[in-house]
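Basis for what follows: all heavy atoms, side chains included, without hydrogens, waters or symmetry-related copies. Counting begins at 1 with the first residue of the sequence. What you see is a predicted model, and the numbers here were worked out from it, not measured in a lab.
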Amino acid sequence: MKRIILSMAIVFGTCAFAQEKKSDTAKTKNIEGVTITKQVFKKQSDRFVYDVAASPVAKGNTTFDLLKQTPLLSSTDDKTLKIAGKNNALIYINGRKSNMDSESLAQFLKNTPAENIQKIEVITVPGSEFQVESSDGIINIVLKKKMSDGLNGNMRMSNTTSKYNGSQASFSANYRKDKLGVSANLSGGENIEAQTYTLRNGTAKTSNESTGDIDDPNKNIGGYLNIDYQLNDKSNLALSWNTWANKSYNSTVNLFNTIKTEGGTKYTWSKNKEDARSYNNSVNLNYELKTDSLGSKLNVNAAYLNYKRFQFTDNRTHMSDVNMGLGKMTTQVFQDLPQIINNFSGMVDYNQKFKNDLTVSIGGNYNKTKTDNDSKNITYSFNPVEAPDSRPNHFIYDENIYGMYVTVEKKISDKISGKVGARYEITNSLGTSDNAPTDELKRIERNYSNILPYLSFNYAINDKNNISYSFSSRMRRPSFWEINPVRNILTDDNYTQNNPFVKASSTYNQELTYMYKNSYFLILNHSYIQDAITQVPLQGYPVSPEGKIGENPVLRYIRTNFGNKQEMSAMVGIQKSFFKQYWTTNFNIGVQHNINNGSLDTDPTTGDRFKDDKGPNGKFITYTNNISSTSLLIQTNNTIRLDKKKTWFFGLNYFFVDKQQIELGSLKNLMSLDLSIKKVWNDWTFAANVNDILNTNIVKIEDFQENGNYNYIHQNRYNRNVMISLTYNFGNQKVKKVRDIEGASDAIKSRTR
């Protein structure tokens, strides 16, 4: 039904607005012969700017595909984006952080046409005025805004075929009348995310292998509404609303398990079914007041975020044999795992500019978040028959963050400029559980404060050469779902365990950048992470604090703080057009060096330790990772214009990530070769993309411990696919830049699911 509604909107939109484009075309015929060449990629004081409006890449693409082709950005899983040398990239839209959860945001970006974008800003080391965590960088997507009165927009439909077929559609409009500007987007789609797993793990005396398929159907609908009203020459009022809903019913897991112990070999089937739905709504109200003619201004933001996820799982284990026959059910686990997040936030910023190229910025923010996790877990055992084991747990987490910052930016000369600042943050949190297995879990209170310095320096040697250095200190607070003490069950003996004891980690980032002719760049980066938050595999026969040992070996992926970590990278790149702009290329090559140093021998949520044997001679096992690795990274995106009229384009994109050591073990190399063809015909754009042609973007992780433990993961996410899309642009296309607005709830979005 949602897909039909979107299609109807597209039909009516075409009928209503097709006429408006004609008058605009007639007015511009007399300047068709003028060609203006703009700098597509350039370095500003604290960011790289990619002018999408001056690039042929945008037409017919989605926003997510465009971001993957932006210099310094990459994605290996087709869900998350990374900045060179960074763990994570936070998405801002018109200077305001998107408050959508990560899964909804990925779908939103995949359904939003790239034609809506004016430029993309990549901030590798954000200043003190930004509320970011860890080594996160920022991708600020600046949307187009109408220059004159009237209406414009676009409509896009696409179909993607991989293991299954999926479809998407979107409708976007941009309206301006005098002092009022409105932009809106409605998008949605449906698809089945498929995965094929092979999991092998064990000790020197036991082994467990699970193989099979996971199918996750998804239906999505959402969009945004931005309203900007100019009160007078000095003040503006803006309201933005983002919404997204996801429905994933009848998601299935079918894994065949082979468990080998000293007592023999056992075969089972894990048949899991999950129904889940989530809703994400965020509202941001912004007031901006210009206080003088130099550009000084006051910004006031208030925001509200509401996130709801309802998840019900039915996990069944059946007896089997070597021929994979389905026998009687031995255990059944029902899980009801809701999560509700409410966040209220406010932020005030004031920038004072002086005539001597000095800018002083001060500001403060407040975030209040409450998460409600009323989970229920009931286990039924049928072999032998036992009474149901009910383990409800109502976990409530309250968090208050108070922050303030000051920065001083000074242009010393035409060549030299610098910026220094600091943030001071106070965090008060309390987690309570009404039915926790231990007293420690019933009340977890943490109160801490941090001073986070920032420094940057920029030297323009001449018109062609520029060098800059940045240092930043940040905190990384755990995501709200990471501290919700629930188990996500894959099989009877294999599950992930969240951890309410996870504490915030500290990150120190340094970056040195050299740029030549706004086309060639060198970036050196170093990050040091204390108490890194990650997922660690613990396996063996579990032994409780009371000394009771489990009947079967298990594998638990535990969320925890895992020692310290260092990441170093060196990257050289180019973003340039050749042969009179017939060929536009973006090429990066570099090396990354990871140093891991962590160990864990106890499940922090239960106190369990693990033995390699359930007998009296069994030894306790410690998981360690103190291995370093050096990896080669290559990425290139190429657009080739095939005709003089700029109507046919061919695309060739490729990335390669060499083998590297991560917390779970050694991640084998990943690579993907993608091809595309695009035809522009008047206001229509037809495109066909073939992704991961060689079927090489498959995750393989392998880890061998000195004590004999091993862990192997093979995950095929079916990244090889074919996508066909059709985009139509209507109305007056004269646009200008939207004013940048920073959102009030900046510190919250990345911590939802």
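- Heavy atoms of other residues, nucleotides or ligands lying less than 6.0 angstrom from CZ of R391 number 12 at most.
- A parallel orientation is assigned to the rings of F471 and Y508, their planes being inclined by less than 30° (bins at 30° and 60°).
- Summarising the local packing, NZ of K271 is surrounded by more than 12 heavy atoms from other residues, nucleotides or ligands at distances under 6.0 Å.
- Listed here is the closest heavy atom pair of L664 and Q535: CD2-O, 3.2 Å.
- Scanning both residues, N625 and E663, for their nearest heavy atoms gives ND2-O, 3.2 Å.
- Residues I444 and L430 form no side-chain contact, since every pair of their non-hydrogen atoms from C-beta on lies 4.5 Å or further apart.
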List the steps and the verdict of side-chain hydrogen bond (donor to acceptor under 3.5 Å, both in side chains) for T369 and D398. CA-CA 6 Å; T369 307; D398 284 290; over 6 Å; no
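- Between T491 and N272, every side-chain heavy-atom pair lies at or beyond the 4.5 Å cut-off.
- Side-chain contact check for Q230 and N236: no donor-acceptor pair (N or O, by modelled atom type) lies under 3.5 Å.
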Apply side-chain contact (heavy atoms from CB on, under 4.5 Å) to the pair D603 and R556, showing each step before the final yes or no. CA-CA 9 Å; D603 184 337; R556 300 178 188 174; 2.9 Å; yes
Report the C-alpha separation of Y380 and Q332 in whole Å, then their side-chain angles, then the decisive distance to 0.1 Å, and conclude whether the side-chain hydrogen bond (donor to acceptor under 3.5 Å, both in side chains) test is met. CA-CA 5 Å; Y380 296 89; Q332 184 174 20; over 6 Å; no
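- Atom OG in S361 sits 8.0 Å away from atom CG in D349 (nearest 0.5 Å).
- In this structure, D434 CG and I396 CD1 are separated by 7.5 Å, a value rounded to the nearest 0.5 Å.
- The two residues R487 and L337 come nearest to each other via the heavy atoms O-CD1, 4.3 Å.
- Between N484 and N498 the shortest heavy-atom distance is O-CB, 2.8 Å.
- For S375 and N373, the side-chain atoms include no donor-acceptor pair closer than 3.5 Å.
- Across all non-hydrogen atoms, the minimal contact from Y287 to S235 is OH-CB, 3.7 Å.
- With a 6.0 Å radius and a threshold of 12 heavy atoms from other residues, nucleotides or ligands, K370 has its NZ atom at or below the threshold.
- Using a 4.5 Å heavy-atom threshold, the side chains of V360 and T407 count as separate.
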Check step by step if side-chain hydrogen bond (donor to acceptor under 3.5 Å, both in side chains) holds for N306 and N342. CA-CA 5 Å; N306 177 254; N342 284 285; 2.9 Å; yes
Would E482 and R477 count as a salt bridge (charged side-chain N to carboxylate O under 4.0 Å, His left out) if you check the C-alpha gap in whole Å, the side-chain angles of each, and the deciding distance to 0.1 Å? CA-CA 10 Å; E482 288 178 307; R477 298 175 181 85; over 6 Å; no
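- Taking NZ of K368 as the reference point, atom CG of N400 lies at 4.5 Å (rounded to 0.5 Å).
- Closest heavy-atom contact between S270 and L490: CB-O, 3.8 Å.
- A heavy-atom distance below 4.5 Å is not found between the side chains of S345 and Y366.
- Note that CD1 of I341 is 10.5 Å distant from CD of E399, once rounded to the nearest 0.5 Å.
- Atom-to-atom distance recorded for D336:CG and K376:NZ is 5.5 Å, nearest 0.5 angstrom.
- For the pair K247 and Y249, the distance from NZ or CZ to the six-membered ring centre is under 6.0 Å and the angle to the ring normal is within 45 degrees.
- Interatomic distance, CE of M475 versus OG1 of T507, reported as 8.0 Å (0.5 Å rounding).
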After noting the C-alpha distance and the side-chain angles of D601 and R609, does the key distance pass the side-chain contact (heavy atoms from CB on, under 4.5 Å) rule? CA-CA 6 Å; D601 63 359; R609 298 185 67 189; 3.8 Å; yes
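- When only modelled atom types and interatomic distance are considered, T313 and Q335 share a side-chain donor-acceptor pair under 3.5 Å.
- At a threshold of 4.5 Å between non-hydrogen side-chain atoms, the residues N377 and N393 do not count as touching.
- Residues S187 and N185 have side chains in contact (heavy-atom distance under 4.5 Å, counting atoms from C-beta outward).
- A side-chain donor from one of N218 and N246 sits under 3.5 Å from a side-chain acceptor of the other.
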side-chain contact (heavy atoms from CB on, under 4.5 Å) for T291 and Y350? Distances and angles first, verdict last. CA-CA 10 Å; T291 58; Y350 181 69; 3.4 Å; yes
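- By the 4.5 Å heavy-atom criterion applied to side chains, S251 and P217 are counted as neighbours.
- Using a 4.5 Å heavy-atom threshold, the side chains of L67 and I139 count as touching.
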Check the pair D389, I378 against side-chain contact (heavy atoms from CB on, under 4.5 Å), reporting the backbone distance first and the verdict last. CA-CA 6 Å; D389 181 4; I378 304 176; over 6 Å; no
Can N509 and S472 be said to form a side-chain hydrogen bond (donor to acceptor under 3.5 Å, both in side chains), step by step? CA-CA 5 Å; N509 306 303; S472 175; 4.6 Å; no
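- Of the N and O atoms on the side chains of N286 and N299, at least one donor lies less than 3.5 Å from an acceptor on the other residue.
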